[in-house]
There are 2 protein chains.
Amino acid sequence: CVVSSCFRASEEEQQAQSKKALKKQQKEAEKAAKKAEKQAKLVSVRQETQTLPMDFAMDRYGICPMVQSQQKLDRALVRVQDLTPEKAEQQIWVRARIHTSRAKGKQCFLVLRHQQFTVQALLAVGDRASKQMVKFAANLTKESIIDVEAVVKKVEQKIESCSQQDVELHVERIFVISQSEARLPLQLEDAVRPEGEGDEEGRATVNQDTRLDNRVIDLRTTTSQAIFRLQSGVCQLFRDTLINKGFVEIQTPKIISAASEGGANVFTVSYFKTSAYLAQSPQLYKQMCICADFDKVFCVGPVFRAEDSNTHRHLTEFVGLDIEMAFNYHYHEVIDSITDTMVQIFKGLRDRFQTEIQTVNKQYPSEPFKFLEPTLRLEYKEAVAMLRAAGVEMGDEEDLSTPNEKLLGRLVKEKYDTDFFVLDKYPLAVRPFYTMPDPNNAKYSNSYDMFMRGEEILSGAQRVHDAQLLTERAMHHGIDLEKIKAYIDSFRYGAPPHAGGGIGLERVTMLYLGLHNVRQTSMFPRDPKRLTP
Amino acid sequence: CVVSSCFRASEEEQQAQSKKALKKQQKEAEKAAKKAEKQAKLVSVRQETQTLPMDFAMDRYGICPMVQSQQKLDRALVRVQDLTPEKAEQQIWVRARIHTSRAKGKQCFLVLRHQQFTVQALLAVGDRASKQMVKFAANLTKESIIDVEAVVKKVEQKIESCSQQDVELHVERIFVISQSEARLPLQLEDAVRPEGEGDEEGRATVNQDTRLDNRVIDLRTTTSQAIFRLQSGVCQLFRDTLINKGFVEIQTPKIISAASEGGANVFTVSYFKTSAYLAQSPQLYKQMCICADFDKVFCVGPVFRAEDSNTHRHLTEFVGLDIEMAFNYHYHEVIDSITDTMVQIFKGLRDRFQTEIQTVNKQYPSEPFKFLEPTLRLEYKEAVAMLRAAGVEMGDEEDLSTPNEKLLGRLVKEKYDTDFFVLDKYPLAVRPFYTMPDPNNAKYSNSYDMFMRGEEILSGAQRVHDAQLLTERAMHHGIDLEKIKAYIDSFRYGAPPHAGGGIGLERVTMLYLGLHNVRQTSMFPRDPKRLTP
């Protein structure tokens with residue numbers, strides 16, 4: 001015996017191996033022979049971990065030495081999610097975590113978990129397992145990672161507590177790959193319990209800070225797994241749609257020499273013997289790419305805002321999905337591209353991430369996300385009229401407050417049955433200096449926000465692409481022209497008309513899923529009070 | 001006349017429009033009528049810009065008012081790259097920049113450019129153009145953006161100076177969309193001249209700082225357009241390959257509370273009332289995701305290094321393509337995934353970006369990039385032996401210097417005919433504390449670098465996934481355990497064996513194309529001396 005039994009191929013595996021694989025194995029065995037002396041030491045270490053000597057099943061269980069890439073093993077591991085009745089009676093290996101463990105007389109029931117999927121596994125004292133082996137299994141700590149060899153068995157009654165309801169595993173070998181400490185900082189079953197549900201029975205839920213402080217455990221829950229798989233899908237759908245439309249992906253610097261938007265809410269960085277800032281948006285760089293003839297560009301990257309606001313929807317660092325696009329004659333060409341991109345994202349999520357949506361809904365119930373094709377576009381004036389009709393008092397050129405945005409979302413949902421719409425033609429006074437004024441009414445501008453479930457997810461506009469008008473607008477806003485000289489100069493050598501916008505990834509994920517805090521959709525959120533983990 | 005003539009549909013366009021489009025246009029015309037008064041003002045402004053009164057062609061040229069989204073125009077613009085003999089005799093509109101302009105008697109020859117593509121355009125005094133109109137065209141500044149209506153004509157002799165060699169445009173209308181200032185900070189023809197070529201004839205080339213200071217112009221060259229389109233392709237191929245392999249994209253924070261790798265070379269950020277750092281790599285977060293059961297993750301994002309080194313291959317901010325992956329029994333499973341990803345990138349670039357590769361080669365000639373399948377994997381020992389055979393004196397556990405890496409690249413190319421290979425099993429002493437030691441030889445480790453044309457593009461390793469061994473290794477390296485407590489704790493609750501690595505995007509692009517400075521493949525590079533634009 002050259003290796004410890006946990007890494008040794010079982011009889012069944014050996015029979016299944018092809019000649020080619022055997023040859024390869026022989027070659028490796030020769031090499032391995034040379035390592036015999038070293039390995040002997042490992043084996044003895046392992047044997048010490050066996051609880052009782054003289055156990056007939058003693059090479060069928062135990063704690064493996066740390067996987068240090070000692071050898072290449074031709075052993076296929078079946079994923080938990082692939083354990084279906086089609087595999088019945090097959091002898092297979094599975095790697096999974098111990099989700100729960102329950103001893104009952106001469107038996108031990110385990111629930112094994114991998115990602116969002118769970119399966120029941122059974123050890124019973126008999127030909128294939130000794131008393132000691134069952135005891136060993138029953139004593140394993142939750143969250144430990146194990147390899148089991150088992151026969152897949154169909155079950156007569158569905159196992160409601162597992163994702164794989166039609167089969168269970170009859171375990172014949174069980175080896176620990178990585179042990180968990182016994183005391184977990186939070187319990188996964190508490191972490192997925194719907195709010196309020198445990199209250200009567202005195203069961204715990206897990207508060208947000210405990211979750212975030214122990215994110216490695218919290219991210220293992222079915223809900224977290226689903227949220228972040230879906231978020232990965234948002235990025236992929238965003239990029240694939242834009243690449244299909246002829247966009248080019250760009251990379252923009254995050255360390256910048258001057259605070260582009262006035263200098264408020266910007267983080268300062270020590271940069272060798274000088275100071276620099278963290279970019280609050282890639283906008284200047286997107287626009288430079290337009291002036292450099294890339295025509296349609298996007299970027300996905302971190303955006304930094306030094307705002308000391310502790311709300312459910314603000315982070316100091318978030319992921320921006322940014323778009324900038326030259327157009328021919330009207331900025332609505334750009335709005336149409338962006339709304340179509342959002343619609344492709346919504347459709348892709350609906351069609352390809354239904355499992356994830358359902359999983360999140362179990363813990364956080366919400367209505368399915370509704371959208372129209374083409375996307376509803378309202379003018380700011382109309383929104384003000386709707387709000388006034390609902391009793392809100394506000395001026396024509398006044399910005400929307402967060403509660404009014406929420407109310408508008410509800411009014412739009414009632415009237416148009418959509419959770420997504422564009423609000424176009426914002427008052428010029430409430431937008432940044434680089435926003436193109438409306439050609440027909442000096443009070444308004446060629447700018448827009450987009451909303452999901454009544455919360456803003458994108459802000460955008462046609463930009464002023466004329467150096468002279470840009471200078472006038474900056475002066476009107478009292479901006480120091482020296483500080484934005486490079487920005488203005490970008491437009492001096494021929495600039496196409498263009499528009500764009502920036503989308504907050506975490507907000508899109510949150511609002512699509514009907515969640516209520518952006519920290520649920522940021523893996524490692526940053527806010528004024530949280531810098532860890 | 002309700003709009004200025006540049007935005008008015010021509011007779012030919014009107015005939016081509018469908019009934020539906022006409023209806024729409026009528027509706028718009030009604031709306032537009034209301035704007036008549038306002039527009040009249042614009043028209044008068046435009047008329048002032050005409051050089052001579054009583055010109056029969058006066059509504060066929062001029063300077064448009066700034067495109068402020070005054071109206072939606074049903075005018076299709078044909079891209080320069082789509083101007084081929086199939087379009088001969090068609091009357092079309094094109095938007096492009098004036099690349100060059102040359103008057104010759106009663107004619108004016110323009111070269112129009114859009115992105116990497118150019119076409120010749122001709123104006124001649126006659127029925128369709130007046131003397132004034134030709135003069136107007138001849139006086140337009142280079143880099144101005146114009147709309148022209150023209151008939152596509154096949155040419156008998158290929159136009160060697162343009163990308164569209166088989167056709168030219170006979171211009172009938174010409175309107176300026178955005179004027180460039182007359183004096184450009186650099187000339188595009190100088191910026192694409194191969195190094196050394198202009199020397200004898202006294203022609204200029206453009207030095208790197210001038211390029212970078214005027215990046216908006218420099219990015220317009222065919223070479224820059226090609227480089228950054230190809231780089232967009234690298235990102236896309238990287239992600240598509242990994243998503244096909246079942247990887248999940250993650251987003252990791254860039255602002256961190258502690259400097260993960262010791263604290264040297266890290267930028268400090270003011271964070272409200274405290275200090276924070278910019279992440280030197282997403283490694284801790286990738287590993288946390290592995291401990292949180294995501295199994296296979298990747299991320300694309302900025303990486304910050306406060307190294308005061310001004311070499312051809314160092315930036316203080318670059319884009320990391322990062323991979324981390326749980327494996328079953330041997331870290332070569334991960335190496336195989338990464339090398340296959342690189343091979344998919346190389347193949348994708350070769351098959352889908354040949355135009356871009358050829359374009360860059362015109363200015364910067366290089367040999368086509370060669371790679372093997374499967375990828376060549378050498379052990380560090382072998383590399384040391386090869387270098388010694390070539391006369392290099394070095395110790396077994398000594399790290400490779402940059403010149404020795406370069407030399408090794410040449411030796412490997414000679415012997416194996418590949419520009420890409422993996423160097424495996426680095427000496428443990430030259431790698432970070434979290435690197436898994438080789439199970440068979442304590443001097444070595446389960447770590448690897450990958451090289452393109454003799455320069456490192458990826459560094460990676462199997463990581464120590466056992467809290468106890470990690471503690472020992474950190475102590476051995478003299479690292480303050482308190483500072484990495486959160487990192488070590490991540491492995492206490494069951495951690496799968498895993499390995500990964502980080503790839504530098506700019507280096508991959510540079511080395512694939514055979515370029516010699518990473519600033520050529522970073523749109524807005526950051527180094528100790530450059531923070532702008």
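- Taking B:Tyr271 as the reference, A:Phe267 meet the ring pair (Phe, Tyr, Trp, His ring centres under 6.0 Å) condition, with sequence neighbours excluded.
- Between the side chains of A:Tyr329 and B:Asp147, a donor-acceptor pair is found at a separation under 3.5 Å.
- When the options B:Arg97, B:Arg229, B:Arg79, B:Arg95 are evaluated for a salt bridge (Lys or Arg N to Asp or Glu O under 4.0 Å) with A:Asp293, the one that passes is B:Arg97.
- Only the side chain of A:Val319 comes within less than 4.5 Å of a heavy atom in chain B; its backbone stays farther off.
- Using modelled atom types, no side-chain atom of A:Gln68 and backbone atom of B:Met436 make a donor-acceptor pair closer than 3.5 Å.
- Separating the OH atom in B:Tyr285 from the CZ atom in A:Arg215 is a distance of 12.0 Å, to the nearest 0.5 Å.
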Give the C-alpha distance, both sets of side-chain angles, the deciding distance and a yes or no for side chain to side chain contact (heavy atoms under 4.5 Å, CB included) between B:Gln115 and A:Phe294.
-> CA-CA 7 Å; B:Gln115 297 176 340; A:Phe294 284 93; 5.5 Å; no
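- Without hydrogens or angle criteria, A:Asn328 side chain to B:Leu77 main chain gives no donor-acceptor distance under 3.5 Å.
- Considering only heavy atoms from C-beta on, A:Val269 comes within 4.5 Å of B:Leu278 through its side chain.
- Only the backbone of B:Thr252 comes within less than 4.5 Å of a heavy atom of chain A; no side-chain atom from C-beta onward does.
- Heavy-atom distances place no part of B:Ile98 under 4.5 Å from chain A, backbone and side chain included.
- Residues A:Asn440 and B:Gln70 are not in side-chain contact: their nearest non-hydrogen atoms beyond the backbone lie 4.5 Å or more apart.
- Using a 4.5 Å cut-off between heavy atoms, A:Met288 touches chain B through backbone and side chain atoms alike.
- For A:Pro525, no part lies under 4.5 angstrom from a heavy atom of chain B.
- Between chain B and the options A:Asp466, A:Asp308, A:Thr532, heavy-atom pairs under 4.5 Å are most frequent for A:Asp308.
- Heavy-atom distances place no part of A:Ser522 under 4.5 Å from chain B, backbone and side chain included.
- Contact check for A:Arg526 versus B:Lys254: no side-chain heavy atoms found under the 4.5 Å cut-off.
- For the set A:Asp295, A:Thr274, A:Thr221, the entry with the most heavy-atom pairs within less than 4.5 Å of chain B is A:Asp295.
- Heavy-atom minimum distance, A:Met523 versus B:Cys289: SD-SG, 3.5 Å.
- Under the 4.5 Å side-chain criterion, counting only non-hydrogen atoms from C-beta, B:Ser178 is not in contact with A:Pro496.
- Contact of A:Pro302 with chain B is made through the side chain alone, with heavy-atom distances under 4.5 Å.
- Rounded to the nearest 0.5 angstrom, B:Met66 CE and A:His465 NE2 are separated by 6.0 Å.
- In this structure, chain B has a heavy atom under 4.5 Å from the side chain of A:Asp240, while its backbone stays farther away.
- The line from CZ of A:Phe491 to OG of B:Ser180 is 13.5 Å long, rounded to the nearest 0.5 Å.
- Residues forming a side chain to side chain donor-acceptor pair (under 3.5 Å) with B:His330 (at least two apart in sequence, or on another chain): none.
- The most heavy-atom pairs under 4.5 Å with chain B, out of A:Cys235, A:Gly233, A:Ser144, come from A:Cys235.
- Only the side chain of A:Gln462 comes within contact range of chain B, with heavy atoms under 4.5 Å apart.
- Note on B:Glu249 versus A:Arg239: salt bridge recorded, some NZ/NE/NH1/NH2 to OD/OE distance being below 4.0 Å.
- Counting heavy-atom pairs closer than 4.5 Å to chain B, the top-ranked of the candidates A:Leu184, A:Ile177, A:Ile243 is A:Ile243.
- In this structure, the portion of A:Arg183 lying under 4.5 Å from any heavy atom of chain B is its backbone and not its side chain.
- A donor-acceptor contact shorter than 3.5 Å links the side chain of B:Arg220 to the backbone of A:Cys291.
- If you measure heavy-atom distances from A:Tyr487 to chain B, you find no contacts under 4.5 Å at all.
- Put simply, the side chain of A:Ser69 reaches to within 4.5 Å of the side chain of B:Phe327, judged on heavy atoms.
- Proximity to chain B is absent for every atom of A:Gln116, based on heavy atoms less than 4.5 angstrom apart.
- Here the closest heavy-atom approach between residue A:Ile145 and residue B:Gly494 is recorded as CD1-C, 3.9 Å.
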Applying side chain to side chain contact (heavy atoms under 4.5 Å, CB included), run through A:Glu181 and B:Tyr493 and close with a yes or a no.
-> CA-CA 6 Å; A:Glu181 290 190 1; B:Tyr493 307 103; 4.1 Å; yes
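- Judged purely by atom type and a 3.5 angstrom limit, B:Glu317 uses its side chain to pair as donor or acceptor with the backbone of A:Ile255.
- If you take CG on A:Leu219 and CD1 on B:Ile250, they are separated by 9.5 Å, rounding to the nearest 0.5 Å.
- Looking at heavy atoms from C-beta onward, B:Thr316 lies in side-chain contact with A:Phe272 at the 4.5 angstrom threshold.
- Inter-residue side-chain proximity for A:Leu505 and B:Gln251 is flagged as met; some heavy-atom pair is nearer than 4.5 Å.
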